[in-house]
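Only one structure is covered here, and it is reproduced in the block below.
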Amino acid sequence: MYPSEPAYLHSDKFHDLLLLKEAVKCGKSLVPPSDIPAPSQVLEIDDRRLVVKFGPLTWKSEALAMQLVYDRTSVPVPRVRSYLSETVKNQHCGYIVMEKVSGTPLAKVISELSDETCDYITKQLAAYLLELQKLDTGEWGNVGRKNHFHRGYFVLKPGACRVNTIKDFLDYFINQGAWRSNDTRLEGCLKAIDQSRPSMFSHGDLNPENIMINATSGKITGIIDWELAGWYPYFWNFWIARRWGFRAAEGPKEKWRRIYSKLMGPHIKAAESFGILQDRTEFHGMEETPFIAKYVPFLSS
C-alpha cells in the first residue's frame, strides 16, 4: 500500500542539499514568532512558489503520506517535490520541499465565519474523509512505519507504540496510564469502544490550524502538516477534533463544534472514552520529544 517513490521525490530543482540550504538562508518564515522553539521551521523559497519544512522532527514518513494522498485522492494536499536529510552534530535534520497551497488557516478566521460557511466546510471535509477511506488497508501505524506510531501522542516511555489490532492500541495507553484492571471507569471506557473495528487512514491531527481555506468562499484550498498521518482507530479524527475544541476560545470553539459534530456520527462516545484513557496517560508522564532550542547552526556551517 505504501506509494512507490517517483523520481520527483528525489530529483527536482532542489535535489542538491547545498543548493537547498542556500535557498533556506533567503527564505521567508511562514510560522509566527514564538518564545517556544518550534521543532520544525517552514519557509517560502523560490520566489514564494515553494515551501520547505525542515528540522529534527521532519521525517520521510510525512513526505510519503502527502505523496500517497496526492496520488490516490482528490484531497487538496501540497505536492511534494523532494525530500532530503542530513545528520548535523549527531542529530537528524529532514527537509521536505513542496508546492505552496493558497489560502488562510481556518483557525485564523473561524470565529468570523457564517453558519452557512461552516456547513459548507463540513460538507467538503465529509467528502475528503470519505476519500481517505480508499487508503484503508488494515495496516496500523504512521505511513512508512508499519505497525509503529513514532510521533505526537506516542513519544512515551518506555517504548514505541507497536500495534496489530485496536486492542493493542488501547493497551498501550492503558499500560502507560497505570490503570488497575478492576477500575470501573476503565471498564466503562472499553465497553464504549468497538474493538472489532479495523484501522482507518487519518491525517492524524486534523484541526483548524491544518485546514487552509479561501476566507471569502469557504472553499478548502489545502490540508497541511501530515507528519502524524497513518492508520488509526476509527474514532481518532473525532477525538482530535474535540481536543482542539477544548483548547480554543469560546467563539472559535462553537464554530468548530458546528463543523466537526456533524462528521462524528456514532463515534462520539468512543472518542470521549478514549479521551479519558489518553488524559490519564498524559497525567502519568507522557513526554513529547524535547523541543530543540537551536537546531539551525548548519546554515552557517
Side-chain angles (χ1 to χ4, degrees), residues 36-40 53 55-62 64-66 92 94 107 129 132 139-179 185-186 189-190 192-193 195 197-211 223-248 256 260 264 267-292:
I36 302 175
S40 295
K53 179 178 181 178
L57 299 186
T58 300
W59 295 93
K60 190 175 183 179
S61 56
E62 181 175 2
L64 290 174
M66 286 192 288
H92 163 86
L129 291 176
L132 290 178
E139 297 178 64
W140 289 86
N142 297 121
V143 175
R145 305 272 183 164
K146 188 173 177 62
N147 295 73
H148 179 196
F149 291 101
H150 69 115
R151 300 292 307 278
Y153 300 97
F154 307 95
V155 187
L156 298 169
K157 295 180 180 181
C161 182
R162 300 177 185 274
V163 300
N164 291 293
T165 66
I166 193 170
K167 181 179 184 303
D168 295 338
F169 185 93
L170 297 174
D171 282 347
Y172 177 74
F173 288 90
I174 292 170
N175 293 336
Q176 297 294 339
W179 287 86
R185 291 172 301 166
L186 174 61
C189 289
L190 294 180
I193 298 173
Q195 297 188 45
R197 296 282 292 267
S199 61
M200 172 193 76
F201 187 82
S202 171
H203 172 279
D205 193 22
L206 189 61
N207 68 66
E209 294 170 7
N210 295 329
I211 300 170
I223 297 178
I224 60 174
D225 287 346
W226 292 79
E227 62 189 60
L228 301 183
W231 290 270
Y232 290 81
Y234 66 97
F235 53 77
W236 187 261
N237 285 333
F238 313 111
W239 176 70
I240 288 293
R242 294 180 71 254
R243 186 177 176 85
W244 190 91
F246 290 147
R247 305 196 317 262
W256 179 234
Y260 80 75
M264 293 183 71
H267 305 320
I268 296 176
K269 187 62 177 177
E272 291 175 344
S273 296
F274 174 73
I276 295 172
L277 298 182
Q278 198 279 333
D279 287 345
R280 170 122 174 179
T281 300
E282 198 163 30
F283 178 77
H284 278 267
M286 186 175 83
E287 298 181 4
E288 282 275 7
T289 299
F291 285 148
I292 310 301

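Counting begins at 1 with the first residue of the sequence.
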*Where Glu62 and Trp226 come nearest, the two heavy atoms and their spacing*: OE2-N, 3.4 Å

*With rounding to the nearest 0.5 Å, note down the distance linking NE2 in His267 to CZ in Phe235.*
10.5 Å

*Between Pro208 and Trp244, which heavy-atom pair has the shortest distance, and what is it?*
CD-CD2, 3.5 Å

*Got a sec, which residues hit side-chain contact (heavy atoms from CB on, under 4.5 Å) with Asp168, two or more places apart in sequence or on another chain?*
Val163, Asn164, Thr165

*Would a distance-only check, ignoring hydrogens and angles, find a side-chain to backbone donor-acceptor pair under 3.5 Å from Asn142 to His150?*
yes

*Could you tell me which residues satisfy ring-ring contact (aromatic ring centres under 6.0 Å, His included) with Tyr232, sequence neighbours excluded, listed by chain and number?*
Phe149, Trp236

*What's the shortest heavy-atom distance between Ala65 and Ala229, and which atoms?*
CB-CB, 3.6 Å

_Just to verify, what does Trp179 make a ring-ring contact (aromatic ring centres under 6.0 Å, His included) with, not counting sequence neighbours?_
none

*Nearest 0.5 Å, what's the SG-CZ distance between Cys189 and Arg185?*
8.5 Å

*Partners meeting side-chain hydrogen bond (donor to acceptor under 3.5 Å, both in side chains) with Lys167 (sequence neighbours left out)*: Asp171

*Contacts of Asn207 that satisfy side-chain hydrogen bond (donor to acceptor under 3.5 Å, both in side chains) - sequence neighbours left out*: Asp205

*asked:* For a side chain to side chain contact (heavy atoms under 4.5 Å, CB included) check, start with the C-alpha distance between Leu228 and Ile240, then their side-chain angles and the critical distance, and finish with the verdict.
replied: CA-CA 12 Å; Leu228 301 183; Ile240 288 293; over 6 Å; no

_Nearest 0.5 Å, please: how far is CG in Asn175 from CG in Leu170?_
10.5 Å

*Once you round to the nearest 0.5 Å, how far does CZ of Phe274 lie from CZ of Phe238?*
14.0 Å

*asked:* Main chain of Trp140, side chain of Asn147: is a donor-acceptor contact present, judged purely on distance under 3.5 Å?
replied: no

*asked:* Which heavy atom of Asn210 sits nearest to which heavy atom of His203, and what is that distance?
replied: ND2-CE1, 3.7 Å

*By side-chain contact (heavy atoms from CB on, under 4.5 Å), which residues pair with His92, not counting sequence neighbours?*
Trp59, Tyr83, Ser85

_How close do Thr58 and Lys53 get, counting heavy atoms only, and between which atoms?_
CG2-O, 3.6 Å

_Approximate separation, where rounding is to 0.5 Å, of Phe201 CZ and Glu139 CD_ = 10.0 Å

*Could you walk me through whether Leu186 and Leu277 pass side chain to side chain contact (heavy atoms under 4.5 Å, CB included), step by step?*
CA-CA 8 Å; Leu186 174 61; Leu277 298 182; 3.6 Å; yes

*Can you tell me how far CG of Asn237 sits from CE of Met200, rounded to the nearest 0.5 angstrom?*
4.0 Å

*Report the C-alpha distance between Tyr234 and Ile166 in whole Å, list the side-chain angles of each, state the deciding distance to 0.1 Å, and finish with yes or no for side chain to side chain contact (heavy atoms under 4.5 Å, CB included).*
CA-CA 9 Å; Tyr234 66 97; Ile166 193 170; 4.0 Å; yes

*Which atom names give the shortest non-hydrogen contact between Ser61 and Val143, and what distance separates them?*
CB-O, 3.1 Å

